[in-house]
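What follows is a single structure, written as structure tokens, with notes after it.
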Protein chains: 2
Amino acid sequence: MKTTFGEYIRLLRHNKELTLTQLAAKLNLDSANLSKIENGKRDFDEKRLPKLAKIFKLNLIELRNEYVTDQLAKHIYETNCTKQLLQVAEEKAAYRRKLNKSFQTK
Amino acid sequence: MKTTFGEYIRLLRHNKELTLTQLAAKLNLDSANLSKIENGKRDFDEKRLPKLAKIFKLNLIELRNEYVTDQLAKHIYETNCTKQLLQVAEEKAAYRRKLNKSFQTK
DNA sequence: TTAGACTTGTCAATTTTCGACAAATTTAAT
DNA sequence: ATTAAATTTGTCGAAAATTGACAAGTCTAA
């Protein structure tokens, strides 16, 4: 089962047996805020992804994919978006890509 | 082909043969800002959906679906999210729904 | 060339998000 | 039970993003 990004960080942290305070220090933030992030009460700031990847020796691209899908999932969840509507959104995204492409060539 | 929300508003407006100034007045905003909205340079404020529905006699639920899918499309587009990743995001959204459900029953 | 429709740039005001600190609460070991 | 460390929660001001408003610009059609 997929997890939230916060739960994922907690998992990584526990695997390395780090405390909130220890990991927070490595990430240049407060342990209180990291706690909120792990518990889904705040968002992880995208700017810190490279640092996070480095700490846990993760591929940055893959980590960013974890992050992006989590953010999208949150958006889908919060807007009560059904599978059907998600399909429509996907088509609209394709349309935006097309728009951008035709704009480039002009 | 699906359109952006801004293009959709422009379509509605032209169908009723309203000017930017006229529609903007009905929506309680500046014609300059409405122009930006139609051209995708600003977001339409969700708070105005009921007003928009009323002006064009649209079903609010359906209009909101148009809006939500547009916002998601923008998110998908801006994060360069592939179909594959979107699938992951959908699963994560399902997980969030499940989390919330189990939280409710406690 | 003038009027009306639309677009673009800018800035202050509002709103939202974020980092930090203090004060709880929880957990684990003695 | 008592203590210490780990975690959580509440609140605050600062930083960032969004929005509304105004001014000045372009474009189009008489």
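In what follows, every chain begins at residue 1, and chains take the letters A, B, ... in the order their sequences are listed. Side chains included, hydrogens not; waters and symmetry mates left out as well; all remaining heavy atoms used.
- Here salt bridge (charged side-chain N to carboxylate O under 4.0 Å, His left out) pairs that include residues 15-27 of chain B, with residues two or more places apart or in two chains, number zero.
- For the pair A:Leu20 CG and D:dT7 C1', the interatomic distance rounds to 6 Å; values are reported in whole Å.
- Between the CG atom of B:Leu34 and the P atom of D:dC22 there is a distance of 16 Å, given to the nearest Å.
- Residue A:Lys36 places a side-chain atom within donor-acceptor reach of the base of D:dG10, judged by atom type and a 3.5 Å distance cut-off alone.
- Of the N and O atoms on the side chains of B:Tyr77 and A:Asn100, at least one donor lies less than 3.5 Å from an acceptor on the other residue.
- In this structure the side chain of A:Arg10 reaches within 4.5 angstrom of the side chain of A:Asn39, judged on heavy atoms.
- Formation of a donor-acceptor pair under 3.5 Å by the B:Lys74 side chain with backbone atoms of A:Arg96 is not found in this model.
- Running 5' to 3' along DNA chain C, contacts with non-hydrogen atoms of chain B at under 4.0 Å begin and end at C:dA5 to C:dT10.
- The side chain of A:Asn39 contributes an N or O atom lying less than 4.0 Å from OP1 or OP2 of D:dT8.
- To the nearest angstrom, P of D:dT7 lies 14 Å from CG of A:Leu29.
- Within 4.0 Å (heavy atoms only), B:Ser35 reaches at least one base atom of the nucleic acid.
- Axis orientation changes by 30° from one end of the helix from C:dT1-D:dA30 to C:dT30-D:dA1 to the other, with each end axis drawn from 5 pairs and the value rounded to 10°.
- Between the P atom of D:dT11 and the CG atom of A:Asp30 lies a distance of 17 Å, rounded to the nearest Å.
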